[in-house]
Amino acid sequence: MSKRIVITGGAGFLGSHLCERLLACGHDVVCVDNYFTGRKRNIAHLQQYPLFEVLRHDITFPLYLESDQIYNFACPASPVQYQVDPVQTTKTNVHGTINMLGLAKRIKARILQASTSEVYGDPAVHPQREDYLGHVNPIGPRSCYDEGKRCAETLFFDYQRQYNVDIKVARIFNTFGPRMHPFDGRVISNFIVQALRGDNITVYGDGSQTRSFCYVDDMISAIILLMESRSGFFGPVNLGKPGEISMLDLAEKIIRLTASTSHVVFLPLPQDDPRQREPDITLAKSELGWSPLVPMEDGLKETIAYFRKVLAE
Ligand SMILES: NC(=O)c1ccc[n+]([C@@H]2O[C@H](COP(=O)([O-])OP(=O)(O)OC[C@H]3O[C@@H](n4cnc5c(N)ncnc54)[C@H](O)[C@@H]3O)[C@@H](O)[C@H]2O)c1
């Protein structure tokens with residue numbers, strides 16, 4: 001059955017893929033975005049759908065709409081972008097989340113929060129399960145995002161306990177794919193753009209720090225499965241791809257796949273950069289019947305093809 005769905009941050013990387021998937025399933029989708037990091041080009045191809053609407057709006061201000069489901073994805077996601085205006089980042093996570101939860105409460109919509117593995121901070125346990133409470137600096141340059149997202153989770157669970165709002169919380173781990181912003185400073189977009197331009201590939205620290213990466217198609221499937229999961233299952237649930245790769249190995253893989261002449265150079269590690277990050281997805285497997293399917297190399301090829309096109313424009 002067709003549902004009315006609001007997606008905040010719908011013009012961003014993940015939000016635009018979510019709009020696309022939900023429209024293809026026949027839903028009525030309203031994309032709400034203030035274009036802080038999102039781009040009109042990410043959603044331009046969706047204008048062909050009669051059930052697609054776009055609303056330029058900043059979620060730190062109240063919003064009144066009718067809908068059955070709300071995906072709350074609005075928030076700059078990369079350190080380079082969320083540190084441009086850290087106060088606005090916290091406001092988006094706190095005021096924005098209150099506004100969207102207030103809307104869900106009023107119209108009795110189910111609401112899903114795009115939370116993040118950053119709520120675990122620089123983790124002392126590995127891999128991270130949902131019951132690990134995290135190791136987060138409350139006053140550092142990353143805190144506007146990490147603590148903002150933690151507070152957003154608190155608000156979700158308090159709206160559930162206090163007002164019985166129907167919530168779902170996804171803790172999203174690093175995701176990559178076409179429509180990432182080419183200059184958002186995230187490691188995959190950075191390395192691919194540098195490799196395609198023949199620039200030096202900048203690895204922070206000695207490159208031994210590890211991350212795990214999930215391809216966007218797998219992530220969107222998981223997010224929709226969570227939204228549709230049984231009532232009474234709130235999460236938080238880790239969504240990501242287990243299996244770590246070091247930053248140095250990633251740089252070498254991208255150099256090979258782009259047939260680039262670039263060389264790796266080493267720069268100092270940024271403050272509070274986690275050394276290791278890998279999800280335990282046992283809960284996602286048992287509750288959602290989900291695990292990621294796309295091999296990293298296939299995802300990288302798609303992403304490289306996208307950046308090649310963007311850089312040629
Ligand atoms: N991509 C990842 O690997 C990842 C990992 C963990 C969590 N997340 C979360 O998923 C969500 C989407 O991430 P993304 O990678 O697509 O980032 P993105 O920057 O591409 O998308 C965020 C979108 O939110 C919009 N936005 C920001 N502030 C807003 C505001 N106040 N009002 C309205 N719109 C606003 C931006 O313009 C942009 O379109 C974010 O909440 C992010 O924290 C992403």
Side-chain angles (χ1 to χ4, degrees), residues 6-20 30-43 54-63 70-100 103 111-120 128 142 144-153 156 169-189 211-220 222-223 226 236-241 274 277 279 292 299 303:
V6 169
I7 303 175
T8 75
F13 161 49
L14 292 179
S16 64
H17 284 276
L18 193 54
C19 289
E20 184 171 322
V30 181
C31 161
V32 175
D33 208 295
N34 67 352
Y35 301 111
F36 180 60
T37 52
R39 289 173 304 162
K40 289 182 183 165
R41 60 171 291 155
N42 287 345
I43 48 170
V54 184
L55 195 60
R56 182 195 279 265
H57 175 80
D58 181 330
I59 64 157
T60 62
F61 296 93
L63 178 66
I70 302 167
Y71 289 87
N72 190 34
F73 275 61
C75 182
S78 82
V80 169
Q81 291 169 327
Y82 66 65
Q83 288 168 0
V84 166
D85 188 346
V87 172
Q88 172 69 10
T89 301
T90 302
K91 276 188 184 168
T92 297
N93 281 315
V94 180
H95 295 197
T97 299
I98 290 172
N99 286 331
M100 298 319 297
L103 177 65
I111 180 165
L112 182 148
Q113 168 68 355
S115 188
T116 167
S117 56
E118 300 292 334
V119 300
Y120 300 122
Q128 294 82 52
R142 299 173 74 111
C144 57
Y145 185 74
D146 301 5
E147 295 289 22
K149 288 284 186 180
R150 285 169 70 93
C151 184
E153 286 199 11
F156 262 68
V169 175
R171 288 189 181 152
I172 301 171
F173 283 64
N174 279 326
T175 304
F176 72 101
R179 295 191 217 132
M180 293 178 87
H181 196 290
F183 304 108
D184 63 5
R186 289 191 245 196
V187 63
I188 291 203
S189 39
R211 294 287 185 278
S212 57
F213 296 98
C214 182
Y215 188 59
V216 63
D217 287 356
D218 280 331
M219 181 57 66
I220 297 300
I223 287 163
L226 175 60
V237 57
N238 289 338
L239 302 178
K241 188 166 184 198
R277 194 54 83 51
T303 314

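Throughout, numbering of the chain's residues begins at 1 and tracks the sequence. Counting starts at 1 for both ligands and their atoms, in listed order. As the structure is a prediction and not an experimental result, all values here were calculated from the model.
- For atom 25 (C) of ligand 1, the closest non-hydrogen atom of the protein is D33 OD1, 3.4 Å.
- Atom 7 (C) of ligand 1 has its closest protein heavy atom at S115 O, 3.4 Å.
- At under 3.5 Å, a nitrogen or oxygen of D58, whether backbone or side chain, sits near a nitrogen or oxygen of ligand 1.
- Ligand 1 has a nitrogen or oxygen under 3.5 angstrom from a nitrogen or oxygen of C75.
- Contact annotation: for N34 versus ligand 1, heavy atoms closer than 4.0 Å belong to both the backbone and the side chain.
- On a distance-only criterion, N72 and ligand 1 share no N/O pair closer than 3.5 Å.
- Looking at atom 32 (N) of ligand 1, its nearest protein heavy atom turns out to be I59 N, 2.9 Å.
- Note: F213 and F176 have perpendicular aromatic rings, judged against thresholds of 30 and 60 degrees for the angle between ring planes.
- Residue, atom and distance of the protein heavy atom nearest to atom 12 (C) of ligand 1 are F73 O, 3.5 Å.
- Using 4.0 Å as the threshold, E118 has no heavy atom nearer than that to any atom of ligand 1.
- Looking from atom 43 (O) of ligand 1 to the surrounding protein, the closest heavy atom is Y145 OH, 2.5 Å.
- When each atom of ligand 1 is checked for a heavy atom of G9 under 4.0 Å away, the hits are 23 (C), 24 (O), 25 (C), 39 (O).
- When non-hydrogen atoms are compared, ligand 1 lies under 4.0 Å from neither the backbone nor the side chain of S117.
- With hydrogens and angles left out, the side-chain atoms of E153 and S115 include a donor and acceptor closer than 3.5 Å.
- In this structure, atom 19 (O) of ligand 1 lies nearest to the protein heavy atom T37 OG1, 2.6 Å.
- The protein non-hydrogen atom at the shortest distance from atom 20 (O) of ligand 1 is F13 N, 2.8 Å.
- Against a heavy-atom cut-off of under 4.0 Å, R186 is close to the following atoms of ligand 1: 1 (N), 2 (C), 3 (O), 14 (P), 15 (O), 17 (O).
- Contacts of K149 with ligand 1, taken as heavy-atom pairs under 4.0 Å, involve the side chain alone.
- Using a 4.0 Å cutoff on heavy atoms, Q88 counts as a contact of ligand 1.
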